[in-house]
Q: 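Just dropping this structure here.
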Amino acid sequence: MMITMMKSYRGKLHLPMLAGVVCALAFLVLLYNERISFLSSTSFMRFNTCAARRAARDATDGGRAKIDDMEEEDKLEYDADICDITEGRWVYNRSIKPLYSDRSCPYLDRQVSCVKNGRPDSDYRYWQWQPDECSLPRFDPNRALRKLKGKRMLFVGDSLQRGQWQSFVCLVESIIPKDQKSMKRGRVHSVFRAKEYNATIEFYWAPFLVESNSDIRIVGDPRKRILKVDSIAKHAKNWLGVDFLLFNTYVWWMSGLKINSLWGSFANGEEGYEELDAPVAYRLGLKTWANWVDSTIDPNKTRVFFTTMSPTHMRPVEWNNKDGIKCSNETRPVKKRGHWGSGSDKRIMKVVGEVIGKMKVPITLLNVTQLSEYRVDAHTKVYTETGGKLLTDEQKADPLHHADCIHWCLPGVPDTWNQIFLAHL
Ligand SMILES: *[C@@H]1O[C@H](CO)[C@@H](O)[C@H](O)[C@H]1NC(C)=O
Ligand SMILES: *[C@@H]1O[C@H](CO)[C@@H](O)[C@H](O)[C@H]1NC(C)=O
Ligand SMILES: *[C@@H]1O[C@H](CO)[C@@H](O)[C@H](O)[C@H]1NC(C)=O
Ligand SMILES: *[C@@H]1O[C@H](CO)[C@@H](O)[C@H](O)[C@H]1NC(C)=O
Ligand SMILES: *[C@@H]1O[C@H](CO)[C@@H](O)[C@H](O)[C@H]1NC(C)=O
């Protein structure tokens, strides 16, 4: 249905189609840029829990009268299993004080440091995610570090995952004295260490999770990328002995082209690959990952999380801004309930649900797609860098080619992802 809609949309409108092609190219260019990160809005919410609310509702036979009386109990627990965080709305709250800024946190990549890069509007930092049925506890850095004491946390995935990792590091680092923390950045593996807690918060670059010829040296032309959809060991051997493992993979599969999929070794010749549609190749790749988790991870020692698709916002007509250029002019979230654009592929979501649903090892899904879908305002847009350089004024004036509507400013939306993550830890 999604696909059909996109096709007819493209078929009917010629100008938008051209714009679509240009956007797709710009999208691919952005993807080359291995240095990705993001995000922007911390929620500080009350501690009402769904469980307590349900209990209250039950206790009053469907009435809501008792909810206020239950404030005290509400504060005691937050039941992440019961609260559905996907249904809710963004609430503007100018009193929010983000726990860090791109000037205070020394570990943020330039790519996501929107304020430093000249982003003039600031409203995007003052929205908090309010689920319908409960309130998320605010991100408490002390609680996060207590959970991490003597432990390793590893984020694995692409540049959006790197953004979530940097967000997590920045959310906790300000309460750690200077001589008690360190950061070692590597091309593939980066480690933030909180010494007095004997804890690490790490990132491992594997944009497809499975192996490809474009993992470390990025192959710019998507047609020349080849994925070994059945191979993961080379990366996965670096994911052992970790207490909290968090994965993602999505946007790299979405070049719009078929995925060159190879079985077995590259040495057999790169000619022997098969071209598969993205959801088909994605399913094979994700199953390879699932098999590795099920055969390797001891759920008593390691907890495994998976962050769902991070939406891209390339087509403003989808949120009724006919004059927009990608997300470049957006300063407010989309209001329309359930807004869902073509930047979040429902076929991929279905694969994630099916593959993870059949796994032996329990996976905690951080289903952030819907809440992020609303946030057309929170991408880095032209306040970013390309190839290690800030955009020039000329490039900034040309958002059609240069606005990044994939990555998120930090502080920003990935802070909310981590708020949800911490609530589930
Ligand atoms: C707005 O944020 C402040 C600071 O976090 C908080 O005390 C207040 O309760 C929030 N207001 C609403 C309506 O949630
Ligand atoms: C620090 O944590 C690691 C696990 O990440 C553990 O193996 C080691 O024993 C811990 N060291 C101390 C001194 O607690
Ligand atoms: C995990 O712990 C439970 C209870 O302690 C035990 O029954 C189970 O066999 C353990 N699972 C594994 C995979 O070791
Ligand atoms: C949209 O953004 C461009 C620059 O990115 C700016 O020149 C233009 O005035 C903006 N248009 C509106 C309607 O805000
Ligand atoms: C994530 O949430 C959306 C609704 O926001 C839902 O449609 C989707 O099925 C969920 N994904 C999974 C894998 O459960």
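All values below come from the heavy atoms of this structure, side chains included, with hydrogens, waters and symmetry mates left out. Counting convention: from 1, in listed order, for ligands and their atoms alike.
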Q: Determine whether any heavy atom of L365 lies closer than 4.0 Å to an atom of ligand 5.
A: yes
Q: In a table with atom names and distances, give each donor-acceptor pair under 3.5 Å that connects a side chain of residues 190-197 to protein atoms at least two apart or in another chain.
A:
from : atom 1 : to   : atom 2 : distance (Å)
S190 : OG     : R185 : NE     : 3.3
S190 : OG     : G186 : N      : 3.1
S190 : OG     : G186 : O      : 3.4

Q: Check whether the ring centres of W239 and F247 lie less than 6.0 Å apart, and answer yes or no.
A: yes
Q: Which residues pass the side chain to side chain donor-acceptor pair (under 3.5 Å) test with W319, not counting sequence neighbours?
A: E330
Q: Any sub-3.5 Å donor-acceptor pair from N117's side-chain atoms to Y383's backbone N or O?
A: yes
Q: If we ignore angles and hydrogens, is there a donor and acceptor under 3.5 Å between the side chains of N238 and Y204?
A: yes
Q: Using a strict cut-off of less than 4.0 Å between a Lys/Arg side-chain nitrogen and an Asp/Glu carboxylate oxygen, indicate whether R125 and D123 qualify as a salt bridge.
A: no
Q: Between ligand 3 and the protein, find all N/O pairs closer than 3.5 Å and give the distance for each.
A:
from     : atom 1 : to   : atom 2 : distance (Å)
ligand 3 : 2 (O)  : N300 : OD1    : 3.4
ligand 3 : 2 (O)  : N300 : ND2    : 2.3
ligand 3 : 11 (N) : N300 : ND2    : 3.0

Q: Within the 4.0 Å heavy-atom shell around N367, which atoms of ligand 5 are there?
A: 1 (C), 2 (O), 3 (C), 8 (C), 10 (C), 11 (N), 12 (C), 14 (O)
Q: Taking distance alone, with N or O pairs closer than 3.5 Å, would you say N198 contacts ligand 2?
A: yes
Q: Inspect the contact between D294 and K287 and indicate whether a charged nitrogen and a carboxylate oxygen are less than 4.0 angstrom apart.
A: no
Q: Need the ligand 5 atom indices (1-based, order shown) with element for anything under 4.0 Å from a heavy-atom of Q370.
A: 5 (O)
Q: Distance under 4.0 Å to a non-hydrogen atom of T86: what atoms of ligand 5 satisfy this?
A: 2 (O), 5 (O)
Q: Heavy-atom contacts with R152 under 4.0 Å: which atoms of ligand 2 show up? List them by number with element.
A: 5 (O)
Q: Please identify each residue that fulfils ring-ring contact (aromatic ring centres under 6.0 Å, His included) with Y282, with sequence neighbours left out.
A: W253
Q: Would you mind listing which atoms of ligand 5 come within a distance below 4.0 Å of any non-hydrogen atom of G353?
A: 13 (C)
Q: If we ignore angles and hydrogens, is there a donor and acceptor under 3.5 Å between the side chains of W252 and S212?
A: no
